[in-house]
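When reading the values below, keep in mind they use all heavy atoms of this one structure, side chains included, and skip hydrogens, waters and symmetry mates. None of these values were measured; they are calculated from a predicted model. In what follows, chains carry the letters A, B, and so on, assigned in the order in which the sequence lines appear, proteins first and then strands, with residues in each chain numbered from 1.
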2 protein chains.
Amino acid sequence: MANDSLKLDNQICFPLYAATREMTKRYRPLLEELNVTYPQYLVLLVLWETDRISVKALDERLFLDSGTLTPMLKRMEERGLLKRTRSKQDERVVEVALTDKGKQAEAKAAQIPLKFLEQSQLSEEEFIQLKRILTKMLDQIEES
Amino acid sequence: MANDSLKLDNQICFPLYAATREMTKRYRPLLEELNVTYPQYLVLLVLWETDRISVKALDERLFLDSGTLTPMLKRMEERGLLKRTRSKQDERVVEVALTDKGKQAEAKAAQIPLKFLEQSQLSEEEFIQLKRILTKMLDQIEES
DNA sequence: GGCAATTAAATTGTGTAAAATTTAATTGTT
DNA sequence: AACAATTAAATTTTACACAATTTAATTGCC
């Protein structure tokens with residue numbers, strides 16, 4: 001071991017990577033009723049706010065490109081949560097909109113954020129710090 | 001929008017999820033010389049510390065199960081970084097050890113952590129807080 | 001010693017991720 | 001109007017993730 005900076009326990013990004021995977025694992029039982037994955041849940045969060053959005057705009061909101069979104073949105077369409085339609089104004093654009101089932105899922109999801117927070121043992125203060133630091137990381141990246 | 005707790009901007013886990021993906025994207029050019037992905041780099045970090053380890057122990061260290069590790073370790077073996085061998089004492093166990101090429105990669109990697117930190121604009125203080133909070137999240141999970 | 005229970009990897013199936021390329025539609029410029 | 005450049009999705013390829021199942025080896029218990 002020539003170099004302490006290469007020790008796993010000294011890495012900052014490893015806990016980031018591991019905590020993210022454990023977080024999505026914790027979400028899984030909460031999302032079971034909706035029958036969606038965590039990334040699909042993020043799409044629903046956006047659609048519950050906007051109701052109708054292009055794939056491009058979803059990409060900008062979630063930082064997920066069409067290579068990820070296209071098959072994911074097709075799966076969600078198959079499950080009846082949303083509808084994909086080509087824009088009339090610009091045929092290149094695919095717009096995504098919730099179905100009634102997708103809209104109704106919001107009520108089922110209402111308790112998810114609280115349930116998740118209850119499970120977690122971080123303090124309010126720690127959540128605020130965590131979010132502030134991660135958002136700062138993301139802001140830098142958006143700039144570049 | 002019936003429920004503010006379902007707003008994307010109010011989620012704590014979304015910045016966690018997004019920052020992790022952006023982090024691995026930032027690592028990619030740094031790992032190019034080694035010709036490994038970020039998860040493969042984590043395996044190398046462990047092996048540079050221990051030289052020889054079972055798949056099971058790797059799982060415990062990285063929280064990645066055999067479904068992920070087996071194909072990943074096979075790819076790394078194909079690229080000549082490590083060798084997989086069945087244990088003589090217990091034929092169920094597969095042990096992973098670095099090749100000379102894998103060992104030599106450590107020298108090439110020596111500058112990676114510093115280069116990554118230089119790119120980032122978080123303060124020393126923020127790094128310490130971030131790591132502390134994420135490690136706390138992970139500790140809870142290990143307990144359960 | 002025999003055999004059920006346990007354990008370690010591997011396999012299977014589904015679902016992300018993201019780089020790179022392709023296809024099709026639109027826009028800007030001459 | 002013509003056509004090169006740009007743009008939005010889709011596709012292709014490679015590589016994770018992880019739940020669930022299978023296979024093979026080992027251990028525990030009678």
Hey, what are the protein-to-nucleotides 19-23 of chain D N/O distances that come in under 3.5 Å?
| unit_1 | atom_1 | unit_2 | atom_2 | d |
| --- | --- | --- | --- | --- |
| dA19(D) | OP1 | Arg28(A) | NH1 | 2.8 |

Quiz item: Among residues 73-89 of chain B, which contact DNA chain D at a heavy-atom distance under 4.0 Å?
Solution: Arg75(B), Arg79(B), Gln89(B)

Quiz item: Is the shortest side-chain N to carboxylate O distance from Lys74(B) to Glu78(B) below 4.0 Å?
Solution: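 Here Lys74(B) does not pair with Glu78(B) in a salt bridge, since their nearest N and O are not under 4.0 Å apart.
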
[X]: salt bridge (Lys or Arg N to Asp or Glu O under 4.0 Å) partners, not counting sequence neighbours:
X: Arg28(B); result: none
X: Asp51(B); result: none
X: Arg79(A); result: none
X: Arg75(A); result: none

Self-check item: Set of residues satisfying side chain to side chain contact (heavy atoms under 4.5 Å, CB included) with respect to Gln119(B), sequence neighbours excluded
Solution: Arg26(B), Leu30(B)

Exercise. Let me know, please, whether Val55(A) or Pro39(B) comes out on the 5' side of the other along DNA chain D by nearest nucleotide.
Key: Val55(A)

Practice problem: Please collect all side-chain hydrogen bond (donor to acceptor under 3.5 Å, both in side chains) contacts where either partner lies in residues 89-101 of chain A, sequence neighbours excluded, each pair once. | Solution: Arg52(A)-Glu95(A), Ser87(A)-Gln89(A), Asp90(A)-Arg92(A)

Quiz item: Does Arg86(A) have any side chain to side chain donor-acceptor pair (under 3.5 Å) partners at least two apart in sequence or in another chain, and if so, which?
Solution: none

Can you give each donor-acceptor pair under 3.5 Å made by side-chain atoms of residues 9-20 of chain A, sequence neighbours left out, with the distance rounded to 0.1 Å?
| unit_1 | atom_1 | unit_2 | atom_2 | d |
| --- | --- | --- | --- | --- |
| Asn10(A) | ND2 | Asp4(A) | O | 2.8 |
| Gln11(A) | NE2 | Ser5(A) | O | 2.7 |
| Gln11(A) | NE2 | Lys7(A) | O | 3.1 |
| Thr20(A) | OG1 | Leu16(A) | O | 2.9 |
| Thr20(A) | OG1 | Leu16(B) | O | 3.4 |
| Thr20(A) | OG1 | Thr20(B) | OG1 | 2.6 |

Quiz item: Is there a side-chain polar atom (N or O) of Thr37(B) under 4.0 Å from OP1 or OP2 of dC16(D)?
Solution: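 True: Thr37(B) side-chain N/O within range (under 4.0 Å) of dC16(D) OP1/OP2.
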
Quiz prompt | Residue pairs fulfilling ring-ring contact (aromatic ring centres under 6.0 Å, His included) with at least one residue in residues 103-135 of chain B, sequence neighbours excluded | solution =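 Sorted result for residues 103-135 of chain B: Tyr27(B)-Phe116(B).
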
Exercise. Measure distances between side-chain N and O atoms of Arg92(B) and base N and O atoms of dT26(D), and say whether any donor-acceptor pair falls under 3.5 Å.
Key: no

Quiz item: Which part of the nucleic acid, if any, lies within contact of Thr24(B), taking any heavy atom under 4.0 Å across all strands shown: a base, the sugar-phosphate backbone alone, or nothing?
Solution: nothing

Quiz item: Roughly how bent is the helix from dG1(C)-dC30(D) to dT30(C)-dA1(D) end to end, in steps of 10 degrees, with each end axis from five pairs?
Solution: 10°

